[in-house]
Every structure is written in structure tokens, then in C-alpha cells.
Amino acid sequence: MSENYDFKNHWDTAYLKNSIEDLGWYEDDPKASLELINKCNLSKNSMIFNAGAGATKLIQKLKDMEYHNICINDISKSALDKLKYSINNIDRLSFVVDDLTNPTDLLNLKMVDLWHDRAVLHFFVQQTQQDNYFNLLKSKVKDGGYVIFSEFAIDGAKKCCGLDILNYNEEMLLDRLGNDFALIQSFNHLYIHPSNGNTRKYIYTLFKRKK
């Protein structure tokens, strides 16, 4: 896929033409992400950034846990519109439609205590996309802050939603983050789609930025 491919239109179309529950990455309960978030022991006022959130159930779960300082991003306005509709109360939440690999509004993002990425980074197969993504992340995660990645594992699927994937292991992620970050936890996770039973192999990782 070329760097000039219209990813915004691709993801807008995916969310407009499909129900949330039919999308290949839909989770009823994002328990693996919540396990790692709980391990961070964040205060309820902590700044949480959800990169490429789509229409995730995670935001409602975090609100139910009384986290309220949450910035939610996606390249697709259609995805965030569906997400807003699914949340009981969007007061004090912020939503940013922007491209993680060519950010504009996200350059003004406040420093974050937690950067959460589920099934986003692995879509960035071009070197420039990866460089821009990690430059943004490193400029926005506080000293002592956390990063959670959950991406397709090395032996996992090579495509998703018609797009090529870059599969990851923990060493690749640590290499991209650099020496300022330490790996706290890593585990393999077999995702099972709640309605059709399709499976995907993920790797979940938690990193902490050194002070």
C-alpha cells in the first residue's frame, strides 16, 4: 500500500458500512487492556490517550472506573461519531480526528500518563509512518508514563480490513521505543471474535518511561 493511499476514506467507509459488532477487532470486554491499565496504578485524574480508538468499549469501561481525563483519537470521524453515541456521558472527554502518522491537532496534545494503542500501530507498514508515530508518542508520554501496545503477533494474521500488517514481537517494540522505556509486562493473547468465532493472535505489552 502506497503512502498516498487514502486511509481516512478507508476507515470512514469501514465504520459507515458495518455495524461496530461486525468489525473484525470488536471486543465486548477489553479485559486484556484493562489488566495492563490496572497494573499502571494511575490516579483517576491521569491523562489517558487512546490512539486510533475506533468505536472501542474501553472508554465506557474507563469512565465506569471513574477515569475522566481521556483524549480519544481516530483518523475516522465516522468511528468517533459511533463511539460518542455508545458512551453514556461524554462530558469531560476530548475527541481528536487526526492522523497519527501525519499529526496536526495532536501536536497540541497535553503530556499523557498513559498512551494506549490496540490494533493501530500494526497498520503502519511504511517507515515514515512508523517514524512519525513514534516521534509523536515520545514527545507526549511523560517521564514515568506508560505505553500499552496490543498488535498482531509475529505468527499472526498478515492482513486486516483489506490492509497489509506489520507483525510485532516485544523486542521490535522495545527497539522502536528506545532506551528511555522499560518493558514491564508482555503476553500473547488469542482474540476470539464474540459473534463469528474468528481468531487473531495478538501480543500485549506494557512499557514505562524511565524518569
Side-chain angles (χ1 to χ4, degrees), residues 1 5-34 36-37 42 44-124 129 132-134 136-137 139-141 147-152 160-163 165 191 193-195 202:
M1 197 72 67
Y5 183 75
D6 189 350
F7 288 99
K8 184 180 189 304
N9 182 65
H10 179 96
W11 292 114
D12 275 336
T13 300
Y15 280 94
L16 285 170
K17 289 189 173 182
N18 299 280
S19 69
I20 295 170
E21 294 78 10
D22 288 336
L23 294 168
W25 51 91
Y26 170 75
E27 289 182 300
D28 281 328
D29 183 4
K31 57 186 179 180
S33 289
L34 289 170
L36 292 180
I37 292 171
L42 300 172
K44 300 305 181 184
N45 293 320
S46 295
M47 178 64 178
I48 298 174
F49 177 67
N50 195 337
T56 179
K57 296 289 187 181
L58 179 64
I59 305 305
Q60 185 62 61
K61 294 284 187 181
L62 292 174
K63 280 186 65 67
D64 292 344
M65 296 163 65
E66 300 184 350
Y67 291 104
H68 52 264
N69 193 14
I70 308 172
C71 180
I72 303 122
N73 154 259
D74 205 275
I75 195 173
S76 167
K77 182 178 182 296
S78 299
L80 293 187
D81 286 345
K82 284 194 173 185
L83 177 57
K84 290 176 185 178
Y85 185 77
S86 72
I87 297 173
N88 292 339
N89 183 349
I90 65 170
D91 288 351
R92 302 181 71 182
L93 300 179
S94 59
F95 296 84
V96 181
V97 179
D98 202 1
D99 183 351
L100 289 158
T101 68
N102 187 25
T104 54
D105 292 345
L106 286 175
L107 297 176
N108 299 316
L109 178 69
K110 295 179 181 179
M111 298 297 287
V112 305
D113 297 285
L114 170 63
W115 178 293
H116 177 270
D117 173 331
R118 177 181 179 266
V120 181
L121 173 61
H122 62 213
F123 284 108
F124 304 147
Q129 293 176 317
N132 290 343
Y133 174 94
F134 278 100
L136 178 66
L137 182 156
S139 73
K140 297 301 180 181
V141 176
V147 178
I148 292 173
F149 290 119
S150 48
E151 316 300 338
F152 280 7
C160 181
C161 199
L163 298 176
I165 294 297
Y191 163 79
H193 195 282
S195 63
Y202 279 78

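- Between the side chains of Asp12 and Ser76, at least one donor-acceptor pair of N or O atoms lies under 3.5 Å.
- For Trp25, the side chain to side chain donor-acceptor pair (under 3.5 Å) partners are Tyr15, not counting sequence neighbours.
- Within the 3.5 Å criterion, the main-chain N or O of Thr104 finds a donor-acceptor partner in the side chain of Asp98.
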Margin query: With side chain to side chain contact (heavy atoms under 4.5 Å, CB included) as the criterion, how do Ile90 and Tyr85 come out once you've worked through the C-alpha distance, each side chain's angles and the decisive distance to 0.1 Å?
Written below: CA-CA 9 Å; Ile90 65 170; Tyr85 185 77; over 6 Å; no
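- Remark: the backbone N or O of Ala79 is not paired with any side-chain donor or acceptor of Asp74 at under 3.5 angstrom.
- Atom NZ of Lys44 has more than 12 heavy atoms from other residues, nucleotides or ligands within 6.0 Å.
- A donor-acceptor contact shorter than 3.5 Å is absent between the side chain of Asp117 and the backbone of Gly52.
- For the side-chain contact (heavy atoms from CB on, under 4.5 Å) test, residues two or more places apart in sequence or in another chain that qualify with Gln60 are Lys63, Asp64, Ile87, Asn88.
- Between His193 and Tyr26, the ring planes are tilted. Angles from 30° to 60° get that label.
- Under the 6.0 Å distance and 45° angle rule, Arg118 counts as a cation-pi partner of Tyr191.
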Next item on the list: Evaluate the side chain to side chain contact (heavy atoms under 4.5 Å, CB included) criterion for residues Ile75 and Val97: first the C-alpha distance (whole Å), next the side-chain angles of each, then the deciding distance (0.1 Å), finally the verdict.
Entry: CA-CA 5 Å; Ile75 195 173; Val97 179; 5.9 Å; no
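- The main-chain N or O of Ala53 is never found under 3.5 Å from a side-chain atom of Thr56 such that the two would form a donor-acceptor pair.
- Side-chain contact between Leu100 and Gln129: absent, with no pair of heavy atoms (C-beta onward) separated by less than 4.5 Å.
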Show me, pair by pair, the donor-acceptor contacts under 3.5 angstrom made by side chains of residues 106-116, not counting sequence neighbours?
{"unit_1": "Asp113", "atom_1": "OD1", "unit_2": "Lys142", "atom_2": "NZ", "d": "3.3"}
{"unit_1": "Asp113", "atom_1": "OD2", "unit_2": "Met47", "atom_2": "N", "d": "2.7"}
{"unit_1": "Asp113", "atom_1": "OD2", "unit_2": "Lys142", "atom_2": "NZ", "d": "3.3"}
{"unit_1": "Trp115", "atom_1": "NE1", "unit_2": "Tyr133", "atom_2": "OH", "d": "3.0"}
{"unit_1": "His116", "atom_1": "NE2", "unit_2": "Ser33", "atom_2": "OG", "d": "2.9"}

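- In the model, Asn45 has a side-chain atom that pairs as donor or acceptor with a side-chain atom of His68 under 3.5 Å.
- Side-chain polar atoms of Ser78 and Asp81 form no donor-acceptor pair below 3.5 angstrom.
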Next item on the list: Dump the intermediate steps for side chain to side chain contact (heavy atoms under 4.5 Å, CB included) on Thr101 and Phe7, then the final yes or no.
Entry: CA-CA 11 Å; Thr101 68; Phe7 288 99; over 6 Å; no
Notebook entry, point to check: Leu62 and Ile37: side chain to side chain contact (heavy atoms under 4.5 Å, CB included), yes or no, with the steps?
Noted result: CA-CA 9 Å; Leu62 292 174; Ile37 292 171; 4.1 Å; yes
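- Using cut-offs of 30° and 60° on the angle between ring planes, the pair His122 and Phe152 is tilted.
- Contact of the Lys61 side chain with the Leu34 side chain is registered, since non-hydrogen atoms from C-beta on lie closer than 4.5 Å.
- Side-chain N or O atoms of Ser46 include none that pairs as donor or acceptor with a backbone N or O of Leu42 at under 3.5 Å.
- Side chain of Lys84 to main chain of Phe95: no donor-acceptor pair is present (N/O by atom type, distance under 3.5 Å, no hydrogens or angles).
- Cation-pi check for Lys140 over Phe49 is not met; the charged atom does not lie both under 6.0 angstrom from the ring centroid and within 45 degrees of its normal.
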